[in-house]
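In what follows, chains are A, B, ... by sequence order, proteins preceding strands, each numbered from 1.
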There are 2 protein chains.
Amino acid sequence: MPEAMYWRIAQDLRKEIESGKLAPGAQLATELELRERYRASRNTVRDAVKWLVNRGLVETRPGQGTFVVEKIEPFVTTLSADPETGLGGGEGMAALAEVTAQGRKAEASTPLVEIQKAGTPLAELLQIQEGTQVVSRHQKRYIDGTPWSMQTSYYPMELVLRGAQKLIEATDIPEGTVRYLADTLGIRQVGCRDRIMVRPPNEGEVTFFRLPDNGRVAVVVISRTGYAADGTPFRTTFSVFPVDRNQFVINVGEVPDRPAVPT
Amino acid sequence: MPEAMYWRIAQDLRKEIESGKLAPGAQLATELELRERYRASRNTVRDAVKWLVNRGLVETRPGQGTFVVEKIEPFVTTLSADPETGLGGGEGMAALAEVTAQGRKAEASTPLVEIQKAGTPLAELLQIQEGTQVVSRHQKRYIDGTPWSMQTSYYPMELVLRGAQKLIEATDIPEGTVRYLADTLGIRQVGCRDRIMVRPPNEGEVTFFRLPDNGRVAVVVISRTGYAADGTPFRTTFSVFPVDRNQFVINVGEVPDRPAVPT
DNA sequence: GCAAATTTGTTCGTATGTATT
DNA sequence: CAATACATACGAACAAATTTG
């Protein structure tokens, strides 16, 4: 009972890729060559190639050919946060420090500061009225020159009025905003809650991260909400990472140091 | 500069879906109807529909039609672990308790116990020689009847020889294996390290979780390695969750209780 | 710099098979 | 069994992107 021909062709090529016979970066036979090799019409071999493209095994470049996708060396981010100092998870300066510690070069764009009204999800996280004014601080991060993460932090506007002026300055806050708020307003972060979810990328994420335009590569969104001593949330940070180049580690209790090596 | 016709048709349908004009579960016009509506050939409207299928917006059922995919109510798992008692993160009985607490019905298959040789990644995590014998305990979990996660825990065979007989019995260990090992062998878990990654599902995962066969829905793999007081790892658990129905929460420090509501 | 050759992208027409109602 | 709807396959033509001579 033969399966569909395009399927058999696709499986044949898949095996060649997975066995390494077709190495990452290598060019596949052209559609015309495949047409002859499998004695099928061009549209049928194109269906087979589409099957591979949709699974992220190959990519086609008009005018050039079809190529086996290169695999990306994943970067490992430690999410474990010190509830006091602020955090350690892909946030602020701590993020950069972790990158350089792994022998890679980290860069970050200057913060983009905006005043916005809180939408439903944010208002819920910060336990404020929908439509309340919030400060948004946005940064893009790069590792070895490739886009690595986008981060947006939200603070109730009230904090600025109470004296945290630096929040609305488009400059890095070297000591970290959590530390800054503790020093300036005496708001200590006694705990935080991370929420992790995975979803398809939106248009802006596709272009910034240079993801395939078929939406195959998802993004991880980590929202971290910081809580003050009285139990009220006072800031939330959303970090967006493409799943094809990122892994995460959480340490609890006493764990030995170890270079985080991807699997 | 008109884009390709299949693209315009796809965008048109996408907008109808995203605006809610085509509700989840609703049936799209048939290919023949779309052919008339857009004055394109059937192959062209099929290309448009394929574009939507590859993004997971619709699904086609031979003999029936094309339907807008239903969105799934995500389940929230708390990963925060107590380094002592064991854990809280989607593991063992604790997992079941969290599910029922959210007013859902949890089930788990009886454990499948196997003796295996450790492969490279596992040997690295457990810091043992590659090829060393390990006990593997595998379980599948369901929430409200739908497949939710697959979990496989690995223990060095040595633990069984030292007296932890229950590890190789195909029965639930109600108090949890971490507690059991502490009671039986005096091995206390003083810390653990979680590693989170996202990858496409393999064949077994596609069939168990009933994922679309185009590999669009990725899975989250969380490996949790437990460390004893002397700093050596003594167990690793791999948990696999489909990303379309799961979110995760990590609490650090003092955070207020709050019903975990998906965004 | 340009034209030709190569390679993938889009569109149509047509025929037949398979699954469901 | 018949009607309906999607799945597979072939052939053909032209367009667009890229490389090559």
Side-chain angles (χ1 to χ4, degrees), chain A residues 1-14 17 22 25-70 206-207 210 212-216, chain B residues 1-14 16-17 22 25-70 206 210 212-216:
Chain A
M1 208 67 49
E3 300 276 358
M5 187 183 305
Y6 85 92
W7 167 273
R8 292 204 313 271
I9 298 174
Q11 298 312 307
D12 198 50
L13 293 171
R14 178 177 63 79
I17 292 167
L22 281 169
Q27 178 169 8
L28 264 69
T30 68
E31 293 172 351
L32 260 43
E33 290 168 334
L34 292 174
R35 183 180 119 268
E36 294 190 351
R37 180 192 306 177
Y38 293 106
R39 310 202 169 261
S41 78
R42 185 181 162 221
N43 279 332
T44 299
V45 310
R46 272 179 66 76
D47 280 347
V49 172
K50 264 183 225 159
W51 190 93
L52 298 167
V53 168
N54 285 331
R55 262 141 252 267
L57 295 173
V58 304
E59 62 183 356
T60 58
R61 302 179 206 144
Q64 297 188 50
T66 304
F67 301 83
V68 181
V69 295
E70 313 257 9
V206 165
T207 58
R210 293 198 270 275
D213 65 354
N214 57 13
R216 260 199 57 79
Chain B
M1 206 66 52
E3 300 277 359
M5 187 181 304
Y6 84 91
W7 168 272
R8 293 204 312 272
I9 298 175
Q11 298 313 306
D12 198 51
L13 293 171
R14 178 177 63 79
E16 290 196 4
I17 292 167
L22 281 169
Q27 179 169 7
L28 264 68
T30 68
E31 292 173 351
L32 260 42
E33 289 167 333
L34 292 174
R35 182 182 118 266
E36 294 191 353
R37 181 191 307 177
Y38 293 104
R39 314 214 162 250
S41 80
R42 188 180 156 222
N43 279 333
T44 300
V45 310
R46 271 181 68 76
D47 281 347
V49 171
K50 261 183 226 160
W51 190 93
L52 297 167
V53 168
N54 284 331
R55 259 142 250 266
L57 294 175
V58 304
E59 62 184 358
T60 57
R61 303 183 204 139
Q64 298 186 45
T66 304
F67 301 84
V68 181
V69 295
E70 314 257 8
V206 165
R210 292 198 270 278
D213 65 354
N214 57 12
R216 263 199 53 81

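- With contacts defined as side-chain heavy-atom distances shorter than 4.5 Å, the pair A:Y38/A:M5 does not qualify.
- One interatomic measurement links the two molecules: CG of B:N43 to P of D:dC6, which rounds to 13 Å at whole-angstrom precision.
- Here D:dA9 presents its P atom at 10 Å from CD of A:E3, a figure rounded to the nearest Å.
- Residue B:E59 holds its CD atom at 9.5 Å from OG1 of B:T66, rounded to the nearest 0.5 Å.
- Taking CZ from A:R35 and OG1 from A:T30, the interatomic distance works out to 9.0 Å, rounded to the nearest 0.5 Å.
- Proximity of residues 25-37 of chain B to DNA chain D (heavy atom under 4.0 angstrom from any strand atom) is restricted to B:T30, B:E31.
- Under 3.5 Å, the side chains of A:N54 and B:N214 contain no donor-acceptor pair of N or O atoms.
- The two atoms that bring B:A40 and B:I9 nearest to each other are CB-CD1, 4.2 Å, heavy atoms only.
- Under the 3.5 Å distance criterion, the side-chain polar atoms of B:Q64 are left unmatched by any main-chain donor or acceptor of B:Q27.
- The phosphate of C:dT11 (OP1 or OP2) has no side-chain N or O of B:T44 nearer than 4.0 angstrom.
- Within the 4.0 Å cut-off from OP1 or OP2 of D:dC6, at least one side-chain nitrogen or oxygen of B:T66 is found.
- Between the NZ atom of A:K50 and the C1' atom of D:dA7 there is a distance of 13 Å, given to the nearest Å.
- In this structure, B:I17 CD1 and B:D12 CG are separated by 10.0 Å, a value rounded to the nearest 0.5 Å.
- In this structure, the CZ atom of A:R39 is 17 Å from the P atom of D:dA9, given to the nearest Å.
- Residue B:D47 contributes atom CG, which lies 8 Å from atom C1' of C:dT11 at whole-angstrom precision.
- Exactly one of B:R46, B:R37, B:K50 qualifies for a salt bridge (Lys or Arg N to Asp or Glu O under 4.0 Å) with B:E31. That residue is B:R46.
- Taking atom CZ of residue B:R46 and atom C1' of nucleotide C:dG13, one finds them 15 Å apart after rounding to whole Å.
- The phosphate of D:dG11 has neither OP1 nor OP2 within less than 4.0 Å of any side-chain N or O from A:R42.
- Going from atom CD1 of A:I9 over to atom C1' of D:dA9 covers 10 Å, rounded to whole Å.
- Residues of residues 51-64 of chain A that place a heavy atom closer than 4.0 Å to DNA chain D, in numerical order, are A:P62, A:G63, A:Q64.
- Closest approach to the A:A4 side chain among D:dC10, D:dT8, C:dG13 is made by D:dT8 (side chain taken as heavy atoms from C-beta onward).
- Side-chain contact, B:Q11 with B:R8: no donor N or O sits under 3.5 Å from an acceptor N or O.
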